[in-house]
4 protein chains.
Amino acid sequence: MTSNIDRSNKAANDTGDSSNKAARIHKYQNPLTIEKIAKPSITSGQQVLVKVAASGLCHSDLHLINGEWKDMLTIPLPITPGHEVAGWVEEVGDSVPQGILDKGDLVAIFGGWGCGVCFHCKGGDEQLCKFATWPGLSSFDGGFSEYILVPSYRFLIKVDKKYRLKPEELAPLTDAGLTPYRAIKKVRHLLGPGTSIAVVGIGGLGTYGVQYAKILAPNSNTIAIDHSDAKLQLAEKLGADRTLNLKECQDIKSEIFKITEEKGVNAIIDCVGAEETIRDSARILSKSGVLVVVGLFGNQIGIPLSSSVFNENQVQCSFWGNYNELCEVIELAKQCKIKQIVRAFSLNAINEAIGLLRSGEVEGRAIIVPE
Amino acid sequence: MTSNIDRSNKAANDTGDSSNKAARIHKYQNPLTIEKIAKPSITSGQQVLVKVAASGLCHSDLHLINGEWKDMLTIPLPITPGHEVAGWVEEVGDSVPQGILDKGDLVAIFGGWGCGVCFHCKGGDEQLCKFATWPGLSSFDGGFSEYILVPSYRFLIKVDKKYRLKPEELAPLTDAGLTPYRAIKKVRHLLGPGTSIAVVGIGGLGTYGVQYAKILAPNSNTIAIDHSDAKLQLAEKLGADRTLNLKECQDIKSEIFKITEEKGVNAIIDCVGAEETIRDSARILSKSGVLVVVGLFGNQIGIPLSSSVFNENQVQCSFWGNYNELCEVIELAKQCKIKQIVRAFSLNAINEAIGLLRSGEVEGRAIIVPE
Amino acid sequence: MTSNIDRSNKAANDTGDSSNKAARIHKYQNPLTIEKIAKPSITSGQQVLVKVAASGLCHSDLHLINGEWKDMLTIPLPITPGHEVAGWVEEVGDSVPQGILDKGDLVAIFGGWGCGVCFHCKGGDEQLCKFATWPGLSSFDGGFSEYILVPSYRFLIKVDKKYRLKPEELAPLTDAGLTPYRAIKKVRHLLGPGTSIAVVGIGGLGTYGVQYAKILAPNSNTIAIDHSDAKLQLAEKLGADRTLNLKECQDIKSEIFKITEEKGVNAIIDCVGAEETIRDSARILSKSGVLVVVGLFGNQIGIPLSSSVFNENQVQCSFWGNYNELCEVIELAKQCKIKQIVRAFSLNAINEAIGLLRSGEVEGRAIIVPE
Amino acid sequence: MTSNIDRSNKAANDTGDSSNKAARIHKYQNPLTIEKIAKPSITSGQQVLVKVAASGLCHSDLHLINGEWKDMLTIPLPITPGHEVAGWVEEVGDSVPQGILDKGDLVAIFGGWGCGVCFHCKGGDEQLCKFATWPGLSSFDGGFSEYILVPSYRFLIKVDKKYRLKPEELAPLTDAGLTPYRAIKKVRHLLGPGTSIAVVGIGGLGTYGVQYAKILAPNSNTIAIDHSDAKLQLAEKLGADRTLNLKECQDIKSEIFKITEEKGVNAIIDCVGAEETIRDSARILSKSGVLVVVGLFGNQIGIPLSSSVFNENQVQCSFWGNYNELCEVIELAKQCKIKQIVRAFSLNAINEAIGLLRSGEVEGRAIIVPE
């Protein structure tokens, strides 16, 4: 069986008629090329053409642009990256049920485009579909452009105008704001009164992670861990109960056991995924404690065997989030429960934004805006 | 928002071109009319036209034909009933992904046609969609006919020919064989060694229920309860460890507590749903025991308050099953783990079959075959 | 097998040596007799003698005093009622591990005294033990006295003095403050952003229920339901997002569906348990919605069958709470997250307190204090 | 807080009065000394003296005797090892509830002796108590002797004589027969029809693991993995659907993906815990697949990061089992659902048995029998 997604959104891009400015990878490790390509057009009844309003720039984009994933993912170049996208409905296919989407509606694009009929899709986790594709990370063009073609209305979430949610705030929710939400939902049942949760790495994902920890486990002690004082101060503003600077800390285990009354941490969300952060985490977990890995910086998850078995520890990997989880995240944003730190760049300035992200100079999320 | 299903499959039926014999309700409480109507034709890209091979006849059809549900369900007459359908692919719409369905493929039709984008649909439970429709139980014509139009390939499950599963065996799995499976999955975690499960009512659903009890909870004591010795003998053949004839039993509570070493029953699947069966169940549940109601015979679920609270009992209602659960049931059938008792009737003899079902003279499931 | 609890704490009471003032039931439906009985003494190594500091007066005590439970519970008269008890350690048996309890330590008494070795006890739910006994509700004397003998240190939770938690605040946590906590934990997984929870009956349990709803499900809309404006105003102070006065409401279903955007309520905690409140709840549940019954006012739980099955609703009964849940509740109190409304009465004034509770004139919880 | 266990069972051993033959470690890496020590006597009311009938010899005993755990565990030498013990009640303390244990009763000893009041103990997982001690692996003498003193009747499970379960079959259930049971219960919900489970290492634990896979997940494909044909043949006899010899297999991934129709394995129970077995497991897991580690041979659990995150894989460590799980395992044995391969050695021949186990020459479990 092959993917059931209606076809690529690519073909139409190659024959130019009306204009669509896009930032594209033609060759790995090069700056993106900003160019005019064809505006995609609807070729199948369930498709929706979206006018891009905002697209988040993610560390994954750096991995992609650097060519680090060229063997793992099958991506025909040139490709328009950008997988965190919000925009306005421009045109809908003729099989889209009437009345659910109108031209001009603000929509978030759920980025895991599954086949729709396999076990994972039918269970609600399309992002885990074996045949899943992703805008900007597969043969489908992504959101660093003026228009994006979405293969089915099933991947859109409409946001009513009454909520005054800006596209720049909506876009990053679809990945940076979604991934740590799913991660913390996996361990929430462990986090009653008297427990603690640590969020490691207070960057694009961690700033959400700290907030979700307080939202989903308000009675658990939230500990933010990083090696930057600026980021830890930010974590405190976002609700962290305690902070721990890895640079200043002599022995993370003794520090954490002091904070947690000798119990260790019940759940850790590692937004970095480096070998050192994982090694540290294994030392500070409580009995039955769970490490959830969402960061992708390292190559290996390594924890000691005997103590992990005696303590019944777990490592759970968590990937992106599903459609219903994205709906919940957007609901939180509608209720103004999420503080977002975003910095907008125009599409023409995307290579500058990439440079700043690479050197760690972007606080919060960089957002690319077409005009 | 309204239903997202592509449209009714009804319209095409009304303008006859090529022939489609069907058994239809024109007026409640009358026999079905067997007549030739238009063969439905594909009007939207995701649709699939299925040549019906077999359709199960269900107690729900009797409720429908009797007019008992005319206020609860919105059904424009005339309608072709039949919601347990298997058949062969006849034609596919042009948005159906290539290679997944070919003409002649044997398919089971999953009967809960949800909108595809609400919380329940996105969580995998389309049968619970607020906008769900059903073949033969809504504005969509069902399976007591030669052809049925299915609104999307997403509702079909293909069965490879190598498994030698007959359509008459496949059709009843989509409801009678699915409903008790979901019901028992809800309580399986309670059913370890040393526990017991009761299946009440050994009819169309209960014959599957007894088998799933042994399949999903093989270390739990399975007790079949009915008031017919013939049905209890059948239950024994299907694997029940114990049987209890309600007619011969003086006091169900003392009988059950004897069988269960004074613990009571950990889980009960009530395939009848009459007020008496529910009252009996409340008396025989163990501490923390759960009653799952799937039968629809009565009007009211009534259990005593104080003892239910002190014992922390639960009543869980369970409705039909979802797509993944149907896949699992069909997988069990492929592995020859389900014994099915079916009796085939030709479409012309459907009113005779209805009469026999009404008078309780059908052992197992009556199946209508277009011939 | 019979109960494993070390023996009754009763025997010692009958042979007087040193003094122990107590309020006792000698005859049902009579006022309590305030009298001096023997101070209990330790007869087995694991026992702990506790000097009572405060004992909550509960609707269950009224049921008991009225004689309503004389057939259901086996209680030899005379008995000292009082099952919500906090006090100070007076003396410990010689098998109590050294260093865990010292004279003068403030302790809460967990009231479900199980056998310790059955499935429920070994699974952490001693309150569900078939052989469970309860102070003041079994052959064991309760807390409306100066001293109470606890059969094992395993039933005590020590509260460090640094938390400044008063005994009058600690006592009601062991039942009124525990029961709704367990109830809401059962449904918390249903209560993400965009959902709603209703608490029915804003009395002794409901005032905690509203708070736990906001603590355990902060992103769910909390709706308080009662027929007293005063109680609903209190609910608002305690955090309820919406209130509904049953007296003023024409049609609860249409009101609730308006509030919940036509979805219905995802979870209801019924702290009343009357037949009308249950009937109302069945009407306002959402698809897959769950009703948790903790109140004990009525005789019967009755919900309509067909709609409950089609909507897959559940009724879960919830009884008291377990030891770990009580630890969590006390942890919340230590963190000052629970507002408690208590009114203290001296032991000599207990019959007056009973009268006020009976006529609905006690706001929050009445607490009996020995001296 | 310190451990609440009533005291060590050690003290009494040092003052000899009546005889108790025991095999003891006086010095690590030496053969055990077989000697006569004092028969332990009851010093606290809840204790039970058990006449040992059979004690399993475990790889953990080899680790202990080799001195490998001398830094991790605090064990004062000399010590009598043996943590898998069954025997007959010899004498009970005066606080043991009457009627639950009589002299001569056959009992299994649950080996995780927790404090009884911490979060883990109160939640039913005493084996995870921070203060847990173990017979033969702590300051408590174990079962390689004629008598063993058990600190509380709460750690015993009585087996009625009617079941004809032999002590040699009962003893190994308390660890070898318990550990894989808990491991598989953790993943059972993943193992419906159409899935697969692998058991790695068909030794003392794996022979049970294969059987539990078929008992707890009868509709999942059970794959036994080892590098010995003899052990794989044994696995087949015990119910494995497929076997895989690591020595003969070119590429484990391609073999497994062939067997599982390109899906990978949904759950793996690693009874070895070597770095290679874990590396292999990471390669053959399905999407969302879970590796449960119970074996203790290696030092490190290492899995690749990116693919584990993209596939949302999990590593769950599982340690021993709890009391209720042991009750379930014994229930299965009573029902004759577990085949056990045991080989009995007399206490005098224990060093011979140790040698055979070390060289891999014991099929199934070596059992030490006192006389």
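Both backbone and side-chain heavy atoms feed into the values below; hydrogens, waters and symmetry mates do not. Chain letters run A, B, ... following the sequence lines, proteins first and then strands; every chain starts at 1.
- Proximity to chain A (any heavy atom under 4.5 Å) is shown, for C/Lys185, by neither the backbone nor the side chain.
- Of the residues A/Leu332, A/Val329, A/Ile330, the one that meets the side chain to side chain contact (heavy atoms under 4.5 Å, CB included) test with C/Pro193 is A/Leu332.
- Heavy atoms only, all atoms of each residue included: A/His189 and C/Arg188 are closest at CA-NH2, 4.2 Å.
- For C/Gln335, the part sitting under 4.5 Å from any heavy atom of chain A is the side chain, from C-beta outward, and nothing else.
- Within 6.0 Å of atom NZ in A/Lys186, more than 12 heavy atoms from other residues, nucleotides or ligands are found, so the atom counts as buried in its surroundings.
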